[in-house]
Amino acid sequence: MSIYDFHVKDAEGNDIDMSCYKGKALLIVNTATGCGFTPQYEGLQDLYEKYQDKGLEILDFPCNQFGNQAPGSEEEIMDFCQSRYGVTFKMFAKIKVNGDGEEPLYSYLKSQHGGIMGKNIKWNFTKFLVDKNGNIVDRFSPTTAPEKLEKKIKEVL
């Protein structure tokens, strides 16, 4: 099994085959629009603008599991992110990252890289870095600012 075996729903409800990201480096993030870490969208967008043409894709998965900090529909979340932070990277349907009904992609990510934080996702803006071959190479805590990921991103590009 690999990351490319999964299908996820984007924010418009379309089925996305993860194999469409073969050959790309991925930063996969569970996000929330009403969180203290929400301003990280700005740093994520900066990374995307800087490295998209070199093969970086940022995949944004809103999650309302932590303090109900991602209220609203996917459309409302997209509108907020685009108007407030100028987000242009791919946004997906709202998901669960832990427990009953958790997104299978996240089950896989956690099984491949539990990291020092343990298997479960602890909060919004946990980040997984995936290399161009689909290997999960690192997991970053919510407190790790996007700009701190630049060196690792360059390594996988």
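What you see below is based on every heavy atom in this structure, not just the backbone, and it leaves out hydrogens, waters and symmetry mates.
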salt_bridge([X], [Y]) N-O dist < 4.0 Å:
X	Y	answer
K90	D10	yes
R84	E42	no
K9	E74	no

(Q) Walk me through whether Q69 and N124 qualify under side chain to side chain donor-acceptor pair (under 3.5 Å). (A) CA-CA 9 Å; Q69 294 182 342; N124 305 308; 2.9 Å; yes

Are [X] and [Y] close enough that some pair of their side-chain heavy atoms sits under 4.5 Å apart?
X	Y	result
F61	M91	no
L149	L129	no
E103	V8	yes
L44	L27	yes
M78	E12	yes
Y85	P39	yes

Starting at [atom1] of [X], measure out to [atom2] of [Y] and round the result to the nearest 0.5 Å.
X	Y	atom1	atom2	result
L56	E150	CG	CD	10.5 Å
K94	Q65	NZ	CD	11.5 Å
F92	N30	CZ	CG	13.5 Å
K96	E102	NZ	CD	10.0 Å

Q) Given T31 and Y41, is the side chain to side chain donor-acceptor pair (under 3.5 Å) satisfied, shown in steps? A) CA-CA 9 Å; T31 62; Y41 270 118; 2.8 Å; yes

Q.
Using only atom types and a distance under 3.5 Å, with no angle test, would you say the side chain of E76 pairs donor to acceptor with the backbone of S73?
A.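 Flag set: sc E76 to bb S73 pair under 3.5 Å.
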
Q: I would like to know whether Y108 and I3 meet side chain to side chain contact (heavy atoms under 4.5 Å, CB included); could you show each step before the answer?
A: CA-CA 7 Å; Y108 178 75; I3 195 166; 4.1 Å; yes

Q: Evaluate the ring pair (Phe, Tyr, Trp, His ring centres under 6.0 Å) criterion for residues Y21 and Y4: first the C-alpha distance (whole Å), next the side-chain angles of each, then the deciding distance (0.1 Å), finally the verdict.
A: CA-CA 8 Å; Y21 293 108; Y4 303 126; 8.6 Å; no

Q: Determine whether more than 12 heavy atoms belonging to other residues, nucleotides or ligands lie under 6.0 Å from atom CD of E147.
A: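 More than 12 heavy atoms, drawn from other residues, nucleotides or ligands, come within 6.0 Å of this atom.
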
Q) When you look at Y106 and N98, which way does the side chain to side chain donor-acceptor pair (under 3.5 Å) test go after all the steps? A) CA-CA 8 Å; Y106 265 79; N98 294 323; over 6 Å; no

Q: Verify side chain to side chain contact (heavy atoms under 4.5 Å, CB included) between H7 and I16, making sure each step is shown before the conclusion.
A: CA-CA 5 Å; H7 291 255; I16 304 298; over 6 Å; no

Q. Which atom pair, heavy atoms only, marks the closest approach of C63 to A32?
A.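 Looks like O-CB, 4.1 Å.
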
